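All figures in this text were calculated on a predicted structure; none of them were measured in a lab. Whatever order the structure lists ligands and atoms in, that order sets their numbers, starting from 1. In this chain, residues are counted from 1 in sequence order.
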Amino acid sequence: MLNKINPWKSNKKPSNLHDRIEQIKAESIPAHVAIIMDGNGRWAKKRSLPRIAGHHEGMKVVRKITRLASELGVKTLTVYAFSTENWKRPKTEVDFLMKLPEEFLGTFLPELIEENVRVEMMGDKEGLPAHTLRAVQKAMHDTRNNTGLILNFALNYGSRAEILEAVKRFSEDCNKGIVSSMDLTEDLFSSYLMTASLQEPDLLIRTSGEIRLSNFMLWQLAYTEFWFTDVLWPDFNEDHFLEALEEFQGRQRRFGGVK
Ligand code: V07
């Protein structure tokens, strides 16, 4: 009978944001959440705006979700900001996208430092414009000792290229006699990936109704729970993120008995 009035014991979801956050925090939080932030162009098109307007709006959502993930106690938030395929887009769009890290950090870095967030990046640094890389590296440097949320940007990232790079570096270490191919295990191979220092994602979110991985963290997502939504990334908000986490916790509960 207590269950009816005790929100902690009932199955009823609280409707306000604060209570939902408290209830989620009381259960298992996914340590690592990865997000494919899709639908920015489509969001703009629906409003007869240029695609870059969608990207800009999408950037504000990264801030919002970073704040919430940090408050919830998520350990790592990986966001797919730019893929190695994205260079094929029109030059004006690429140029705009490559300025977003500077704009994002120009206004948000002080808050990230204040909130103990550590900025990380995975992807091919070589291929980035110097001004973009400078901004990201400054943020990584200024937050390197922070111990809270790791905000990991996948920037100029492609998973197959990451895996090939790992194979090459492993072969080089074999040739140098540092390791032997006989010793190769999943854990050792993982240590050659760009995510070597991170745990594998527990939850993958992809927005905008596309049900595919698009060359994102292929190795790391082997055991990850997937959550897809039709919501376009610029429309994605705290409610949607909490919905994903609540469903994740529901799945954990169901399998909890036999794990
Ligand atoms: C980008 C906004 C989010 C939606 C997806 C595409 C557009 C934040 C960053 C960023 C990257 C590195 C960094 C700080 C911020 C970003 C790009 C695109 C290229 F250190 N949003 N965002 N970078 N979009």
Test item: side-chain donor near acceptor, W219 and S190, under 3.5 Å:
yes
Would you say the ring centroid of F248 lies under 6.0 angstrom from that of F226?
no
Would you mind checking which non-hydrogen protein atom is closest to atom 11 (C) of ligand 1, with the distance to 0.1 Å?
F153 CD2, 3.4 Å
Short list, please: which atoms of ligand 1 are under 4.0 Å from a heavy atom of V62?
3 (C)
I need the atoms of ligand 1 closer than 4.0 Å to a non-hydrogen atom of G58, numbered in the order shown.
2 (C), 3 (C)
Under 4.0 Å, heavy-atom basis, I'd like to know which part of V79 is in contact with ligand 1: side chain, backbone, both or neither.
neither
Under the salt bridge (Lys or Arg N to Asp or Glu O under 4.0 Å) test, residues paired with E93 that sit two or more places apart:
R51, R89
Residue among T78, T195, D202, N152 satisfying side chain to side chain donor-acceptor pair (under 3.5 Å) with H32
T78
Note: ligand 1 atoms sitting under 4.0 Å from heavy atoms of F104 are 8 (C), 14 (C), 15 (C)
Ring-plane angle category for F216 and Y80, please: parallel below 30°, perpendicular beyond 60°, tilted otherwise.
parallel
Which of the atoms in ligand 1, numbered in the order shown and given with their element, are less than 4.0 Å from a heavy-atom of W233?
4 (C)
Do any side-chain atoms of residues 164-174 form donor-acceptor pairs under 3.5 angstrom with protein atoms, and if so which ones, sequence neighbours left out?
unit_1	atom_1	unit_2	atom_2	d
R169	NH2	Y192	O	2.8
S171	OG	V167	O	2.7
D173	OD2	Y192	OH	2.7

Is V61 touching ligand 1 with its side chain, its backbone, both, or neither, if touching means heavy atoms under 4.0 Å apart?
neither
Electrostatic pair E247:R251 at N-O distance under 4.0 angstrom
yes
Under a 4.0 Å heavy-atom limit, does L100 contact ligand 1 with its side chain, its backbone, both, or neither?
side chain
of all protein heavy atoms, closest to atom 21 (N) of ligand 1 is M59 CG, 3.9 Å
Residue, atom name and distance, where the atom is the protein heavy atom closest to atom 18 (C) of ligand 1:
A81 O, 3.6 Å
Considering only heavy atoms, which of D38, L97, L109, L128 lies nearest to atom 19 (C) of ligand 1?
L97
Evaluate side chain to side chain contact (heavy atoms under 4.5 Å, CB included) for I24 paired with I29, printing each intermediate quantity in order.
CA-CA 7 Å; I24 286 176; I29 301 275; 3.5 Å; yes
